[in-house]
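Comments concern the structure below.
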Amino acid sequence: MKIKQAKEYFELGVIVGFYAIRDPLKVGYWLLVIEGKEERSWTLQTAKNEAKSFASLDTLVGEIEEIAGRVSTLQVRV
């Protein structure tokens, strides 16, 4: 899912949350997973339709704020 579509889905109430997972193809990088209703999920995509990787969680949270306008909680699971 590209950021423009993610913004639209968020405004429509389709998106219920976000979470970060480690990128299995790039050591030390993160993927942003967008969680939707009915147990659907997508990764954020680049313009070239590739999974968008983030070198830092700060950058990833900035992308969430671009979509949702705010981040109220960051949760980590081990």
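Each residue takes its place number in the sequence, starting with 1.
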So which heavy atom on [X] is nearest to which on [Y], and how close?
{"X": "Ser41", "Y": "Val33", "answer": "CB-CG1, 4.0 Å"}
{"X": "Ile64", "Y": "Arg70", "answer": "CG2-O, 4.4 Å"}
{"X": "Ile15", "Y": "Ala6", "answer": "CD1-O, 3.3 Å"}
{"X": "Glu65", "Y": "Val71", "answer": "CG-CG2, 3.5 Å"}

### salt bridge (charged side-chain N to carboxylate O under 4.0 Å, His left out) contacts touching residues 28-41 (sequence neighbours left out)
none
### Query
Given the rule that I, L, V, M, F, W and Y join up when any side-chain heavy atoms are under 4.5 Å apart, are Ile21 and Leu32 in one cluster?
no
### Task
State plainly whether one hydrophobic cluster holds both Val16 and Leu74, where clusters connect Ile, Leu, Val, Met, Phe, Trp and Tyr through side-chain heavy atoms under 4.5 angstrom apart.
no
### Query
What distance separates Ile67 CD1 from Phe18 CZ, expressed to the nearest 0.5 Å?
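Atom-to-atom, Ile67:CD1 and Phe18:CZ are 4.5 Å apart.
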#### Entry: Distance (rounded to the nearest 0.5 Å) between Thr43 OG1 and Ile34 CD1
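Here the rounded value is 7.5 Å.
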### Query
Do Leu44 and Leu31 come close enough that some side-chain heavy atom pair is under 4.5 Å?
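They are not in side-chain contact.
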### Message
Would you say that Glu63 contacts Thr59 through its side chain, given a criterion of any heavy-atom pair below 4.5 Å between the two side chains?
### Response
no
### Query
For Glu50, which residues count as a side-chain contact (heavy atoms from CB on, under 4.5 Å) partner, sequence neighbours excluded?
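side-chain contact (heavy atoms from CB on, under 4.5 Å) check on Glu50 returns Thr46, Lys48.
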### Pairs meeting criterion side-chain hydrogen bond (donor to acceptor under 3.5 Å, both in side chains) with involvement of residues 14-33, two or more places apart
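Listed by first then second residue: Asp23-Ser53.
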